[in-house]
Colleague: 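Structure provided below as structure tokens; questions to follow.
Below, each value reflects all heavy atoms present in this structure, side chains not excepted, and no hydrogens, waters or symmetry copies. Bear in mind the structure is a predicted one, so any value in this text is a computation, not a measurement.
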Amino acid sequence: MIALVDCNSFYASCEKVFRPDLQDKPVVVLSNNDGCIVAMSKEAKDLGIKRGAPLFKCRQQLKDQESLCFSSNYTLYQDLSNRVMALLARETSHIEVYSIDEAFLSVDSPPSATREWGLEIIKIISQNLGIPVSVGVGRSKTLAKAAATLAKKSPQGYFAMLPSMEERVLKEIPVHKIWGIGPSKADYLLSRSILTAWDLRNMDDWDVKKTMTLVTLKTLWELRGKPSIEDEDPQTDKKGILSSLGFSSPIKEKQELQRAVASYMSRAVRKLWSQNSQTSNVTVFIMTNRFKENYYFKEYSQRLENPSSYLPELIKAALNCLEHLFIRGLEYHKAGVLLHGITPEASVQLDLFSERNNSRDRISLVVKEMEQRYGRDILKPLASAMEDRWAMKRELLSPAYTTCWEELPRVY
DNA sequence: TCTGGGGTCCTAGGACCC
DNA sequence: TCTGGGGTCCTAGGACCC
């Protein structure tokens, strides 16, 4: 059996950990730039607030209820997540950390003791970290996921879908709630009168393979209790790196866009460095407000002659892309940089006529070392070093309770 | 006024090769 | 009118996830 351990309202729960005064209050966490709502405590959910809703549309409602908003504090969430995962790892022979707030665990206990094991996990995480979690158990990841959804509704936060219960339970689950079935596939299934998880489970393999995808076929097998979705290997390097962010206020000037793009590139390159890789393809995109008329979105890619992780060269490529995109007179809301064709540094193929450029390697090395010693922003490319007028809006940020000496919570 | 960011995987179709 | 067969690789774009 497989268990899915899922933190309840994770971001909101993290905010509550160091604010006992908020224990029973509605809490919501906002996206970057304090734009929309990405997480809510149970109390906020009960108010009928929807995930993904823009803040300005529910501001009044939140005010009426004395709820509290927070800007997203990823430093805090990632740190608490690491602690949750470390505790979970002690309770199982195998753990797959699936996302910042979820992990699949293999269930080692005999069936008769599984319930105690699950409840013990909930207790451990709650006592050590103050984070509420739910545990769902099933014969496959997809079944464990479905069980976890039901666990959230149960008072103890635990639900095991035993094989004997599968038919009854799956008949109650609408097809669009199944992990891996998004809006588009749900629509298609509905049009064929496949309404529940049980209906999908009983479809013909070839039919599914032919009219949908292999992924859906695997989902179907999983619903039948046959594990078919493999673990993702956390060691494997990223295949694409994206760094993009909306501006806190619109940008008109090309020069400002250039600074933003240069700065996004230096973030992307840092991710590249952290996995010791090089990139061979740079893409830049810019866009105006997509909710307004005359929406403009355009991207431009440039292939590099040789794979590179040399920041100045990559910034130059990005700025060159920007030249193909920029139109004067528009108000830009967002830009981004994508790196593709990523290869490990060790196996990079140079073309016949180029030589490995040692001085570049040394510059990158010095930058890396200085960042390690003095912190991330000690060196910035000049192209991005001016004032960041467009920088992210985070007006409601909570302290970095666990990762910054100055911001440790005080006990009086 | 204000509407997130960062990923993965799959498929179709074109270019190219023998 | 007739116009091989079987591959690989790459890219764009869709779908889905948290």
Colleague: To the nearest Å, how far apart are A/I229 CD1 and B/dC10 P?
Modeller: 11 Å
Colleague: Of the nucleotides B/dG4, B/dG5, C/dC17, which has the atom closest to the A/L245 side chain?
Modeller: B/dG5
Colleague: To the nearest angstrom, how far is A/K239 atom NZ from C/dC9 atom P?
Modeller: 15 Å
Colleague: Across the strands shown, which category fits A/D101 at heavy-atom distances under 4.0 angstrom: base, sugar-phosphate, nothing?
Modeller: sugar-phosphate
Colleague: Can you sort out which residues in residues 176-196 of chain A have a heavy atom within less than 4.0 Å of DNA chain C? Ascending by number, please.
Modeller: A/I178, A/W179, A/G180, A/I181, A/G182, A/P183, A/S184, A/K185
Colleague: On DNA chain B, check which nucleotide each of A/E232 and A/D34 is closest to and give me the residue with the more 5' one.
Modeller: A/D34
Colleague: Does A/Q23 have more than 12 heavy atoms from other residues, nucleotides or ligands lying within 6.0 Å of its CD?
Modeller: yes
Colleague: Between C/dC18 atom P and A/F104 atom CZ, what is the distance in whole Å?
Modeller: 9 Å
Colleague: A/R394 has an atom CZ; how far is it from atom C1' of B/dG4, in whole Å?
Modeller: 13 Å
Colleague: Under 4.0 Å from OP1 or OP2 of C/dC10: is there any side-chain N or O of A/R303 that close?
Modeller: no
Colleague: At under 4.0 Å, does any side-chain N or O of A/K271 touch on OP1 or OP2 of B/dG7?
Modeller: yes
Colleague: Using the six-membered ring wherever Trp is involved, compare the ring planes of A/W179 and A/Y98 and label them parallel, tilted or perpendicular (cut-offs 30° and 60°).
Modeller: perpendicular
Colleague: From the list B/dG6, C/dC18, B/dC2, which nucleotide is the closest neighbour of the side chain of A/R267?
Modeller: B/dG6
Colleague: Rounded to the Å, how far apart are A/I37 CD1 and C/dC18 P?
Modeller: 19 Å
Colleague: Using a 4.0 Å heavy-atom cut-off, does A/L214 contact any base of the nucleic acid, only the sugar-phosphate backbone, or nothing at all?
Modeller: sugar-phosphate
Colleague: Under a 3.5 Å cutoff, is there a donor and acceptor pairing between the side chains of A/K177 and A/T149?
Modeller: no
Colleague: From the options A/E102, A/E96, A/E222, A/E232, select the one residue that forms a salt bridge (charged side-chain N to carboxylate O under 4.0 Å, His left out) with A/K141.
Modeller: A/E96
Colleague: Would you classify A/E102 as touching base, sugar-phosphate or nothing, given that sugar-phosphate means primed atoms plus P, OP1 and OP2, and contacts are heavy atoms under 4.0 Å?
Modeller: sugar-phosphate
Colleague: Distance check: side-chain N/O of A/R51 vs OP1/OP2 of C/dC17, anything under 4.0 Å?
Modeller: no
Colleague: Taking the six-membered ring for Trp and the single ring otherwise, decide whether the centroids of A/Y332 and A/F326 are under 6.0 Å apart.
Modeller: yes
Colleague: Would you tell me whether A/E15 and A/Y401 have side-chain atoms, one donor and one acceptor, within less than 3.5 Å of each other?
Modeller: no
Colleague: Base, sugar-phosphate alone, or nothing: which one does A/S72 contact when heavy atoms must sit under 4.0 Å apart?
Modeller: nothing
Colleague: With side chain to side chain contact (heavy atoms under 4.5 Å, CB included) as the test, would you mind laying out the steps for A/M40 and A/L47 before giving the verdict?
Modeller: CA-CA 10 Å; A/M40 289 166 290; A/L47 295 177; over 6 Å; no
Colleague: With no hydrogens and no angle check, just 3.5 Å: does a side-chain donor-acceptor pair link A/T403 and A/D79?
Modeller: no
Colleague: Return no unless some side-chain N or O of A/K145 is found under 4.0 Å from OP1 or OP2 of C/dC16.
Modeller: no
Colleague: For atom P, what is the distance between C/dC18 and B/dT3, given to the nearest Å?
Modeller: 25 Å
Colleague: Locate the shortest heavy-atom distance separating A/S106 from A/T92; write the atom from each residue and the value.
Modeller: O-OG1, 2.8 Å
Colleague: Would you say A/K334 reaches B/dT3's phosphate, i.e. side-chain N/O to OP1/OP2 under 4.0 Å?
Modeller: no
Colleague: So, A/F56 and B/dT1: ring centres less than 5.5 Å apart, planes less than 30° off, yes or no?
Modeller: no
Colleague: Taking NZ from A/K393 and P from B/dC2, how many angstroms apart are they, rounded to a whole number?
Modeller: 9 Å
Colleague: Just how far is it from atom NE2 of A/H176 to atom CG of A/L200, taken to the nearest 0.5 Å?
Modeller: 13.5 Å
Colleague: Assess, by modelled atom type and distance only, whether the side chains of A/S71 and A/D34 contain a donor and an acceptor separated by less than 3.5 Å.
Modeller: yes
Colleague: Counting side-chain heavy atoms from CB outward, which of B/dC10, B/dG5, B/dT3 is closest to A/T213?
Modeller: B/dC10
Colleague: Mind calculating the distance between OH (A/Y11) and P (C/dC18) to the nearest angstrom?
Modeller: 12 Å
Colleague: Under 4.0 Å between a side-chain N or O of A/S244 and OP1 or OP2 of B/dG6?
Modeller: yes
Colleague: Starting at the 5' end of DNA chain B and moving along, which residue's nearest nucleotide shows up first, A/M212 or A/D237?
Modeller: A/D237
Colleague: Between B/dG4, B/dG7, B/dG6, which one does the side chain of A/K238 approach most closely?
Modeller: B/dG7
Colleague: Under 3.5 Å for both distances, Watson-Crick or G-U wobble, that's the pair rule; now give the dot-bracket for DNA chain B, with | marking pairs to another strand and [ ] for crossing ones.
Modeller: ....||||||||||||||
Colleague: If I take atom OH in residue A/Y264 and atom C1' in nucleotide B/dG6, what distance separates them, rounded to the nearest angstrom?
Modeller: 14 Å
